[in-house]
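Below, chains carry the letters A, B, ... as their sequence lines are ordered, and counting in each starts from 1. Both backbone and side-chain heavy atoms feed into the values below; hydrogens, waters and symmetry mates do not. Because the structure is predicted, anything quoted here is derived from the model rather than measured.
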Amino acid sequence: MKLPDCTLAFASGKGGTGKTSLAVNYACHMATQQRVVLADLDVEEPNIGMYLTKGRSQMHTESVVMDLPVIDATRCTLCGKCADACNFNALVVSVDRVFVFKEMCKSCGRCIHHCEYDALRYEEHPIGVVNTYMCDALAVYEGCLDTGDIHTKSVIQEVKKRMPDTLAILDCPPGTTCPMVEAIGDADFVVLVTEPTPFGLHDLSLAVEVAEKLDKKFGIIINKSDDNDVLIENYCRENGYAVFCKIPFSTAIAQKCGNGELYYNDSVYSTVLENITMTIKEVVS
Amino acid sequence: MKRIAFASGKGGAGKTSLSLSFHAYMHSRSVFVDCDVDAADAFLLIEKGKNAHFEFVSGVKYSIAAEQCVQCGACAERCVFHAISPEGGYHIEPLHCEGCGACLDVCPAGAVIETPNRCGDMYSATTCYDSAMWYARLIPGEDNSGKLVHDIRKKAQEHTEKAALPYLVIDCPPGIGCPLMASITAVDLLVVVIESSRSGFHDAQRLIELAQKMNIACVSLTNKAGINPSIDQEIDAYLSRNEIRSVGTIPFNREFTSLLNKKQVVYESETMASLMTPIFQAIEQIALQGGKK
């Protein structure tokens with residue numbers, strides 16, 4: 001079954017529930033039927049590549065940069081208006097120079113706007129990369145933040161900018177704050193992948209809170225499903241949410257995923273993945 | 001006071017379960033702080049009662065006073081974060097507003113209002129071990145995780161020093177970005193929890209690379225070992241090549257999950273305690289020696 005062109009975000013709140021393994025397998029499954037792109041928006045720790053080791057084309061790498069203000073010391077009078085204007089403490093004026101802290105800067109341009117001496121201008125600084133490659137029929141866009149950099153959100157934005165208009169599967173970062181918000185921001189549907197544990201439930205409720213704040217359609221999948229599913233099912237029933245899919249825990253699948261192997265071709269799981277498509281199609285059509 | 005942090009890079013590797021177990025092992029001589037402010041979970045297992053609550057206010061947000069607004073659109077044009085839309089009169093979307101104030105600079109009508117940004121909560125609590133814990137929650141969707149981590153760690157550190165306790169146990173968030181960095185900066189020892197899987201190993205390497213850039217002493221602890229023995233071997237070879245000391249290996253076992261499902265700290269199981277105690281003793285020893293390799 002095919003889906004109309006839309007953007008599906010796989011998120012969770014809790015890390016380790018299986019969103020990446022599910023997103024990759026689902027994308028590979030859909031790629032057998034239609035054009036689809038897969039994006040790795042977990043740019044601090046991108047893992048999609050662990051699963052896509054065979055049938056890869058050459059990787060194209062593009063640097064992602066941020067605009068960082070630099071001071072022209074010949075014009076600067078150390079008046080301090082730039083530092084006063086900065087709400088993020090990214091500029092500090094000392095006895096003889098102005099320091100710019102890359103980690104604090106959000107490239108809002110306010111310091112440049114307030115400088116009366118034209119002593120500030122932007123310079124591009126690298127913060128990460130976007131890697132693109134084909135894996136058989138699947139087009140992959142992977143964002144990767146430089147270690148030590150903090151501009152997670154900017155790298156996520158740069159991945160999204162490069163994606164074509166077609167069915168898109170987004171592997172999102174864990175958590176429930178800024179990076180996750182940026183990752184699911186343009187999604188037509190959010191697949192929330194949870195696990196039947198107290199931590200899984202708690203973090204799912206936070207992720208649902210974000211999805212509702214952003215007015216996103218979402219559905220819940222219980223991964224590693226076992227006797228404890230009732231924990232999630234009770235929460236869903238009390239709040240009127242649907243669990244639209246369950247993927248049973250299996251040591252064999254844990255082994256496969258742990259080893260970066262795909263399971264979408266296995267007949268049991270291809271039926272599960274097809275059922276996911278049926279549910280999503282009803283919502284996005 | 002020795003600060004011992006548990007991080008992994010990858011989510012779900014077991015850092016919360018293991019840091020809670022470590023705190024259980026040394027509950028009479030440590031304070032516990034949960035720095036995973038996006039999704040603080042540790043309290044679910046060990047909180048007995050809250051002692052104090054603090055609001056977390058960081059930076060500012062901006063909004064537009066409709067009565068003053070002349071609909072010129074200068075703010076929307078100026079905003080580099082695309083937080084301002086003209087729909088239904090100019091409006092700043094709080095979730096996208098970064099609090100820079102550029103809109104305030106360009107508004108000709110004085111219609112932009114600045115308000116302090118209350119974006120989270122901090123709690124101090126007593127645990128089921130009668131020890132102290134600190135944790136914080138960022139309001140879902142908000143920003144400023146790094147600052148909140150910094151603040152909650154500071155409170156926990158001050159508490160530990162005042163109580164004259166020798167250890168602070170830090171449960172870190174996933175990833176290697178701002179909140180993670182704030183949780184591991186200036187710790188005495190970082191325990192890198194390596195999930196024995198391709199992703200877990202990959203992510204731990206990025207974390208170790210970061211820790212080395214930040215000049216932080218590391219030891220490693222492999223978790224969920226045994227599912228893919230070849231990966232266990234690769235991890236061992238990597239650690240050896242990079243002269244990173246391993247404090248031990250915990251095999252994958254469903255008992256771990258069933259204990260969590262009963263809301264029990266894993267260390268409370270006799271079998272798990274006998275497996276973990278030598279590991280925790282090693283961590284404590286190394287931290288005392290100054291975390292040297």
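Using a 4.5 Å cut-off between heavy atoms, B:L180 makes no contact with chain A at all. Heavy-atom distances place the side chain of A:K14, and not its backbone, under 4.5 Å from chain B. With a 4.5 Å cut-off on non-hydrogen atoms, A:D149 touches chain B through its backbone but not through its side chain. Proximity to chain B is limited to the side chain of A:H114, based on heavy atoms less than 4.5 angstrom apart. Only the backbone of A:P196 comes within less than 4.5 Å of a heavy atom in chain B; its side chain stays farther off. Neither the backbone nor the side chain of B:F201 has a heavy atom closer than 4.5 Å to any heavy atom of chain A. At a 4.5 Å heavy-atom cutoff, the contact between B:S199 and chain A is made by backbone and side-chain atoms alike. Only the side chain of B:N228 comes within contact range of chain A, with heavy atoms under 4.5 Å apart. Heavy atoms of B:L44 lying under 4.5 Å from chain A belong exclusively to its side chain. Residue contact with chain B, scored on non-hydrogen atoms closer than 4.5 Å, involves the backbone of A:S107 exclusively. Residue B:A13: no heavy atom, backbone or side chain, is found under 4.5 Å from chain A. Heavy-atom distances place the side chain of B:T16, and not its backbone, under 4.5 Å from chain A. Only the side chain of A:N228 has a heavy atom closer than 4.5 Å to any heavy atom of chain B. For a residue to count as touching a neighbouring chain, one of its non-hydrogen atoms must lie under 4.5 Å from one of that chain's; by this rule A:F199 touches chain B with backbone and side chain alike. Only the backbone of B:E142 comes within contact range of chain A, with at least one heavy atom under 4.5 Å from a heavy atom of that chain. Contacts of B:V37 with chain A are absent, with no heavy-atom separation under 4.5 Å from either backbone or side chain.
Taking the charged nitrogens against the carboxylate oxygens, A:D229 and A:K246 do have a contact shorter than 4.0 Å, which makes a salt bridge. Salt bridge B:K10/A:E45: absent, no basic N to carboxylate O contact under 4.0 Å. By the 4.0 Å N-to-carboxylate-O rule, B:D143 lies close enough to A:K106 to be salt-bridged with it. Salt-bridge annotation for A:K213 and B:E93: absent, with no side-chain N of the basic residue lying under 4.0 Å from a carboxylate O of the acidic one. A salt bridge links A:D186 with A:K160; the closest basic N to acidic carboxylate O contact falls under 4.0 Å. Note on B:E209 versus B:R206: no salt bridge recorded, every NZ/NE/NH1/NH2 to OD/OE distance being 4.0 Å or above. B:D121 has a carboxylate O that lies under 4.0 Å from a charged side-chain N of B:R118, or vice versa, which qualifies the two as a salt bridge.
For A:K19 and A:S12, the side-chain atoms include at least one donor-acceptor pair closer than 3.5 Å. B:N261 and A:T197 form no side-chain donor-acceptor contact under 3.5 Å, judged by distance and modelled atom types alone. Remark: the B:S197 side chain and the B:E195 side chain contain an N/O donor-acceptor pair separated by less than 3.5 Å.
Among B:A39, B:C100, B:C178, the residue with the largest count of heavy-atom pairs under 4.5 Å with chain A is B:C100. Interface summary for chain A: among B:G14, B:A42, B:G101, the most heavy-atom pairs under 4.5 angstrom belong to B:G101. Of all the listed residues (B:S145, B:G177, B:G59), the one sharing the greatest number of non-hydrogen pairs under 4.5 Å with chain A is B:G177. Each of B:G12, B:G11, B:P140 has some count of heavy-atom pairs under 4.5 Å with chain A, and the biggest count is that of B:P140. Each of B:P173, B:G175, B:C79 has some count of heavy-atom pairs under 4.5 Å with chain A, and the biggest count is that of B:G175. If you tally non-hydrogen atom pairs under 4.5 Å between each of B:V80, B:L207, B:L210, B:I176 and chain A, the highest count goes to B:I176. The greatest number of non-hydrogen atom pairs below 4.5 Å with chain B, out of A:N259, A:V210, A:T152, is found for A:N259. Ranked by heavy-atom pairs shorter than 4.5 Å toward chain B, the options A:K153, A:E103, A:E182 are led by A:K153.
With hydrogens and angles ignored, the 3.5 Å screen pairs a side-chain donor or acceptor of A:T194 with a backbone N or O of A:G200. Counting only distance, with no hydrogens or angles, the side chain of A:K216 and the backbone of A:A187 share a donor-acceptor pair below 3.5 Å.
A cation-pi arrangement, defined by a distance under 6.0 Å to the six-membered ring centre and an angle within 45 degrees of its axis, is absent between B:K224 and B:F252. Stacking of B:R137 on the aromatic ring of B:F56 is not recorded, the 6.0 Å distance cut-off and the 45° axial limit not both being met.
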